Asks: 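Handing you this structure, nothing more for now.
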Amino acid sequence: MSKRTRVYTLAIMLTMLNIVPLSAQETDSVLESYNRAVFNFNAAADYFVIKPLAKGYRAITNDFVRERVHDFYANLKEPVSVINHALQGDILDSGKSLGRFVVNTTLGLLGTFDVASGWGLENNRTDFDHTLAKWCVPDGPFFMLPIMGPSTPRAATGMVADMFANPTYWADYYSTFNDDWKRYSVYYGITALGFISLREENIEFLDNLTANSVDPYSTIKSAYIQNRLKIGVCGNTEVTAQDAGYDFDFDDMDD
């Protein structure tokens, strides 16, 4: 996907945010057929491709290697936190995230070791989704994304926006390759590795979540919505957090 295409995509998704707020009682009756079709597609893709890859990744690596991959991928998200903490008015936290990125990228061997935490610079990750929430942008209705899974218009918009803060995206963008598939090969490769790494970390979690469920789609949807309510809107999470009956920290899976 070219830079221009991503800009257009982000602009379109931003226009989608003029919608009704999300609530625990909200249904996706309009999107029900679409959501279930995509959920079934994702379940098949996970069963036949993604989960086997995650199990294979676990089989050929050990805990030490997987932890290095996890830390490397997490470090690539620090620039996202730097920008979004600043957009949220949290200049101190923005500086801490910048410090984490500098320390871990240099002394931490490209982020494969979390040296910064030992220096008192604890991880405090945020993203454009949280920025939009702080700006009082409503979440919108639940819907399923192909491969990526549960989402909302605000979450999906934040995901697209955060791509522009990924260092590997810009490294690839300014590469000498002319073809997009070559130019963004490093970005897509690292993203795929991070996705498989995240899936490996949550093999048992997702298995347990749906093991005894009569309707796995409804279970995933309810858990995701309840977790989204913890983010709150306009910086107010007290009421919504009390309403959350699930503690499935989807947003914290890759911390």
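Quick caveat, the model's predicted, so the values are computed rather than measured.
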Asks: Tell me, please, which residues at least two apart from T191 pass side-chain contact (heavy atoms from CB on, under 4.5 Å).
Replies: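 With sequence neighbours excluded, T191 shows a side-chain contact (heavy atoms from CB on, under 4.5 Å) to Y187, given in chain and number order.
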Asks: Does F39 have any ring-ring contact (aromatic ring centres under 6.0 Å, His included) partners at least two apart in sequence or in another chain, and if so, which?
Replies: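 Partners of F39 by the ring-ring contact (aromatic ring centres under 6.0 Å, His included) criterion, ordered by chain and then number, come out as Y217.
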Asks: Using the rule that two of Ile, Leu, Val, Met, Phe, Trp, Tyr join whenever any of their side-chain heavy atoms come within less than 4.5 Å, decide whether V80 and Y73 are in one cluster.
Replies: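 No, because V80 and Y73 fall into different hydrophobic clusters, even though each may have its own neighbours under 4.5 Å.
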Asks: Check the pair F72 / I190 against side-chain contact (heavy atoms from CB on, under 4.5 Å), numbers first and verdict last.
Replies: CA-CA 10 Å; F72 171 76; I190 291 177; 4.1 Å; yes
Asks: Going by atom types alone, do N124 and S97 pair a side-chain donor with an acceptor below 3.5 Å?
Replies: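 Side-chain D/A pair, N124 to S97: absent.
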Asks: Carefully, step by step, assess D215 and K221 under the rule salt bridge (charged side-chain N to carboxylate O under 4.0 Å, His left out).
Replies: CA-CA 10 Å; D215 185 0; K221 176 190 171 183; over 6 Å; no
Asks: Between S222 (side chain) and S218 (backbone), is there a donor-acceptor pair under 3.5 Å?
Replies: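 Looks like yes, one N/O pair under 3.5 Å.
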Asks: Could you give all pairs that pass the salt bridge (charged side-chain N to carboxylate O under 4.0 Å, His left out) test and reach residues 37-54, with sequence neighbours left out?
Replies: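 Qualifying pairs, neighbours excluded: D46-R199, K51-D207.
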Asks: Can a donor-acceptor pair be found, under 3.5 Å and without considering hydrogens, that links the side chain of N166 to the backbone of L76?
Replies: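 Looks like no, no N/O pair under 3.5 Å.
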Asks: Is the side chain of T210 donor-acceptor paired with the backbone N or O of S213 at a distance under 3.5 Å, no angle test?
Replies: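 Not confirmed, T210 side chain does not pair with S213 backbone.
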Asks: Scan for salt bridge (charged side-chain N to carboxylate O under 4.0 Å, His left out) pairs involving residues 82-97, sequence neighbours excluded, and state none if there are none.
Replies: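 Qualifying pairs: D90-K134.
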Asks: Inspect the surroundings of CG in N212 and state if more than 12 heavy atoms from other residues, nucleotides or ligands are less than 6.0 Å away.
Replies: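 Open: at most 12 neighbouring heavy atoms sit under 6.0 Å from CG of N212.
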Asks: Looking just at side-chain N and O atoms, do N84 and T126 make a donor-acceptor pair shorter than 3.5 Å?
Replies: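 Distance-only check fails for N84 and T126.
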Asks: Answer whether the closest heavy-atom distance between the side chains of E200 and T61 falls below 4.5 Å.
Replies: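 No. Closest side-chain heavy atoms not under 4.5 Å.
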Asks: Below 4.5 Å, heavy atoms only, C-beta onward: do F143 and V38 meet side chain to side chain?
Replies: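 F143 vs V38: side chains apart.
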Asks: Should side-chain heavy atoms under 4.5 Å link Ile, Leu, Val, Met, Phe, Trp and Tyr, which residues sit in the same cluster as V82?
Replies: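 Answer for V82: L98, V102.
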Asks: Under 4.5 Å between side-chain heavy atoms, counting indirect links through other Ile/Leu/Val/Met/Phe/Trp/Tyr residues: same cluster for I220 and I225 or not?
Replies: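 Yes: a chain of side-chain contacts under 4.5 Å links I220 to I225.
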Asks: For the side chain of D71 and the backbone of F113, is there at least one donor-acceptor N/O pair under 3.5 Å apart?
Replies: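 Checking the backbone N and O of F113 against the side chain of D71, no donor-acceptor pair under 3.5 Å is found.
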Asks: Step by step, would you call F195 with I147 a side-chain contact (heavy atoms from CB on, under 4.5 Å)?
Replies: CA-CA 10 Å; F195 187 77; I147 303 300; 4.1 Å; yes
Asks: By side-chain contact (heavy atoms from CB on, under 4.5 Å), which residues pair with Y47, not counting sequence neighbours?
Replies: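 Result, side-chain contact (heavy atoms from CB on, under 4.5 Å) vs Y47: none returned.
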Asks: Return yes if some donor-acceptor pair links the side-chain N/O of D127 with the main-chain N/O of H130 below 3.5 Å, else return no.
Replies: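 It does hold such a pair.
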Asks: If only atom types and distance count, is the side chain of R66 paired as donor or acceptor with the main-chain N or O of R58 below 3.5 Å?
Replies: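 Here the side-chain-to-backbone pair exists.
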